[in-house]
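The structure under discussion appears below in the form of C-alpha cells.
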Amino acid sequence: MMKLMIGTLRLLPACVAVACASDSDGLLHRPQLAPSVRMTRIAPSVTLEVLDWGGRGAPLVFLAGLGNTAHVFDDFAPQFTNSFHVVGITRRGFGASSGSPPPTDLDTLVADLTAVLDTLGLRQVVLVGHSIAGEEMTRFAEIYGSRCAGLVYLDAAYDRSGIDTVSQMQPSAPGPQIRASDTVSLTSIRAVYARVMGVHVPESDIRATARFDATGRYQGQVTADSLKARVVSSHRVARYDQVHCRALAIYAVPDSVADVIPYYAEFDAAGRAQGEAVLRFVQGVVDESRARVARFSQNTVVDVHGGNHFIFLQRPREVARAMRAFLSVGPLPRRPNGR
C-alpha cells in the first residue's frame, strides 16, 4: 500500500491529517496569482524555497505544517495581498528545500526562519502557521519578541511539552483504503487526498511533496516519513507562556468522527468504535489546549466547529474573516527585554 502525506491524527507528532468532509466555502479576495519562487541560501548546504505572492504593506509570512510546503497556501494566501506583502517559506528538508535533511532541533528551524527574514529585509513580521509550525513561530516570538508583530495559529496552538505522554494515550483507528487505481496519475492522487484528508490540497503542493514517474504514476513522497519524524524529535519545545505579542488561535473543533477521520464511512463496526474513541480523545485535547491559550490576555481564540485540521482550505472565508479582524488591530507593546 502506498504511503501518502497523511498521518492519523492532527494533534500528535505527524500533525498532517484529520478533518471534515465538507467542501470549501469560497474565498473573500483571491486574485489569481502564481507566486514568484526564490531559492534563498542561508548556509553552505542549506537553501530554502521562498514564495512571494506580492502585495504592499506589512509582511505576512506563512509557514506550512509538517509534510507540506509553502505551496499549500497557494489558494489561500494571495487574498491578503491587498493589505500585506505576503510570502511563504518552505522549511528545510521538504519540497524544493529538500537539499538538506530536516533538523532535529527546534532552534535550528527558528534560525532558518530568521535567516530568511534577514535576507529578505523583513524586520518585524506577522507569522501565520499551520499545525506543527506553531512550534517554530512560538519559539521565534519567544526569542525575538521585538520582531513579532503578531502570530496567527491555524489549528496550531498546541502545547507539545507532554507530547510523548499524549502520544501513548492516543487511540488508533483503521487506515484508509488505497487502491492501485488511486496511484496512476496526479489527478487520482489528488482525489484520494481529498477523500482521506477531507479537503482539496492545492495541486502545486502535491507536485512539490510527491514524486511521479514519466507516465505520471505516483512513486512516493519527496521526504520520507523517517525524515519527517526528525522535525518532532527535538527535546526543546516552544513555551507559549513566554510569548507576549498578540496572537490569534483558530481551532478546528470536531463535532463528529468525520471531522477527525474524513474516510470514516469506510469503517466496519469495529472501526467505527475506534473512530468514536479517537473523536473523544481529540475533543479533550482541543478543549484543554484552547483553555490554556485563552488564559493569556494577548490571545484571541476562535473556534470553528465541524472544522478540519486544514481549516484554511476547508473554511477559507471564515478563517480569513477572523484573520482580518485580528490584523486590523494594532500590536500590543513589546516586553522591554524582547530582542
In terms of heavy-atom contacts, A277 and P171 come closest through O-CG, 3.7 Å
In plain terms, say whether D105 and R230 are close enough for a salt bridge, that is, a side-chain N and a carboxylate O under 4.0 Å apart. no
**Q.** Heavy-atom check, side chain of I189 versus side chain of I206, under 4.5 Å
**A.** yes
Fill in: Side-chain heavy atoms of R217 within contact of S185, under 4.5 Å
no
Item to complete: Show your reasoning for whether salt bridge (charged side-chain N to carboxylate O under 4.0 Å, His left out) applies to R139 and D107.
Response: CA-CA 8 Å; R139 182 64 175 156; D107 281 357; 2.7 Å; yes
Between the CG atom in L120 and the CG atom in D52, the distance rounded to the nearest 0.5 Å is 8.0 Å
Residues D112 and R91 bridged, charged N to O under 4.0 Å: no
Is V184 reachable from V192 through a run of I, L, V, M, F, W or Y residues, each pair having side-chain heavy atoms under 4.5 Å apart? no
Would you call the rings of H309 and H130 parallel, tilted or perpendicular, where under 30° means parallel and over 60° means perpendicular? tilted
* Heavy atoms, side chains only, cut-off 4.5 Å: are V231 and E135 in contact? -> no
- Task: Taking the six-membered ring for Trp and the single ring otherwise, decide whether the centroids of Y264 and F267 are under 6.0 Å apart.
- Result: yes
- Query: Any donor-acceptor pair under 3.5 Å linking the side chain of S289 with the backbone of V286?
  - Reply: no
Give a yes or no on whether V37 and F73 share a hydrophobic cluster (residues Ile, Leu, Val, Met, Phe, Trp, Tyr; joining criterion: side-chain heavy atoms under 4.5 Å apart). yes
In this structure, CG of L60 is separated from CG of L327 (nearest 0.5 Å) by 6.0 Å
Notebook entry, point to check: Can V128 and M323 be said to form a side-chain contact (heavy atoms from CB on, under 4.5 Å), step by step?
Noted result: CA-CA 10 Å; V128 183; M323 287 180 58; 4.0 Å; yes
Test log, rule side-chain contact (heavy atoms from CB on, under 4.5 Å), inputs I311 and Y251:
CA-CA 8 Å; I311 194 67; Y251 285 95; over 6 Å; no
- Query: Will you find, in the side chains of H244 and E142, an N or O donor that is under 3.5 Å from an N or O acceptor?
  - Reply: no
Looking only at heavy atoms, the pair that brings A173 and V278 closest together is CB-CG2, 4.0 Å
Strictly distance-based, threshold 3.5 Å: is any side-chain N or O of S97 a donor or acceptor partner for the main-chain N or O of T90? yes
Review point. Between the side chain of Q283 and the main-chain N/O of S256, is any donor-acceptor distance below 3.5 Å?
Key: no
> Should E276 and R272 count as an ion pair when the cut-off is N to O under 4.0 Å?
Replying inline: no
So, the side chain of Q314 versus the backbone of G306: is there a donor-acceptor pair under 3.5 Å, distance only?
yes
*Does a side-chain heavy-atom distance below 4.5 Å link S36 with L51?*
no
Does V222 share a hydrophobic cluster with V232, counting links as ILVMFWY side-chain heavy atoms below 4.5 Å and allowing steps through other members? no
> Backbone N or O of P44 within a donor-acceptor pair of the R41 side chain at under 3.5 Å?
Replying inline: yes
Taken to the nearest 0.5 Å, the spacing of C148 SG from I143 CD1 works out to 12.0 Å
One should read off an interatomic distance between L106 CG and F140 CZ, to the nearest 0.5 angstrom, of 12.5 Å
Nearest heavy-atom contact between S100 and S45 is CB-O, 3.5 Å
Do the side-chain N and O atoms of H305 and D259 include a donor-acceptor pair separated by under 3.5 angstrom? no
Original post:
Are F94 and L227 close enough that some pair of their side-chain heavy atoms sits under 4.5 Å apart?
Top reply: no
Establish, from distance only, whether the side-chain atoms of D182 and S188 form a donor-acceptor pair under 3.5 Å. no
Notebook entry, point to check: When clusters are formed by joining ILVMFWY residues with side-chain heavy atoms under 4.5 Å apart, either directly or through shared neighbours, do Y158 and F296 land in the same one?
Noted result: no
**Prompt:** Quick one: does V304's side chain get under 4.5 Å of V253's, heavy atoms only?
**Reply:** no
Just wondering, do L48 and V46 contact through their side chains at under 4.5 Å, heavy atoms? yes
**Request:** Could you check C245 against L151 for side-chain contact (heavy atoms from CB on, under 4.5 Å), going step by step and ending with a plain yes or no?
**Result:** CA-CA 7 Å; C245 64; L151 302 172; 3.9 Å; yes
Practice prompt. Check whether the side chains of D205 and T69 place a donor and an acceptor atom closer than 3.5 Å, and report yes or no.
Written response: yes
Interatomic distance, CD1@I250 vs CZ@R290, rounded to 0.5 Å, equals 12.5 Å
Between R147 and L117, is any pair of side-chain heavy atoms under 4.5 Å apart? yes
For F84, the ring pair (Phe, Tyr, Trp, His ring centres under 6.0 Å) test, sequence neighbours excluded, returns none
Would you mind checking if E266 and R195 are paired as a salt bridge, meaning a charged N to carboxylate O distance below 4.0 Å?
yes
For this session: Please determine if R246 forms a cation-pi arrangement with F326, meaning its NZ or CZ atom is less than 6.0 Å from the six-membered ring centre and no more than 45° off the ring axis.
Result: yes
Tightest non-hydrogen contact, residues L66 and I132, listed as N-CG2, 3.2 Å
Rounding to 0.5 Å, atoms CD (Q242) and OG1 (T138) come to a distance of 11.5 Å
Can you check side-chain contact (heavy atoms from CB on, under 4.5 Å) on V257 and Q274, steps first, answer last?
-> CA-CA 10 Å; V257 181; Q274 290 177 281; over 6 Å; no
Correct closest heavy-atom pair for N299 and V293 would be ND2-O, 2.9 Å
>> Run the ring-ring contact (aromatic ring centres under 6.0 Å, His included) test on Y240 and Y153 for me, step by step, so that the C-alpha distance in whole Å, both residues' side-chain angles and the decisive distance to 0.1 Å come before the verdict.
In response: CA-CA 12 Å; Y240 288 77; Y153 296 97; 5.7 Å; yes
Checklist entry - Hey, what's the ring geometry for F80 with F62, parallel, tilted or perpendicular (30° and 60° as the breaks)? => result tilted
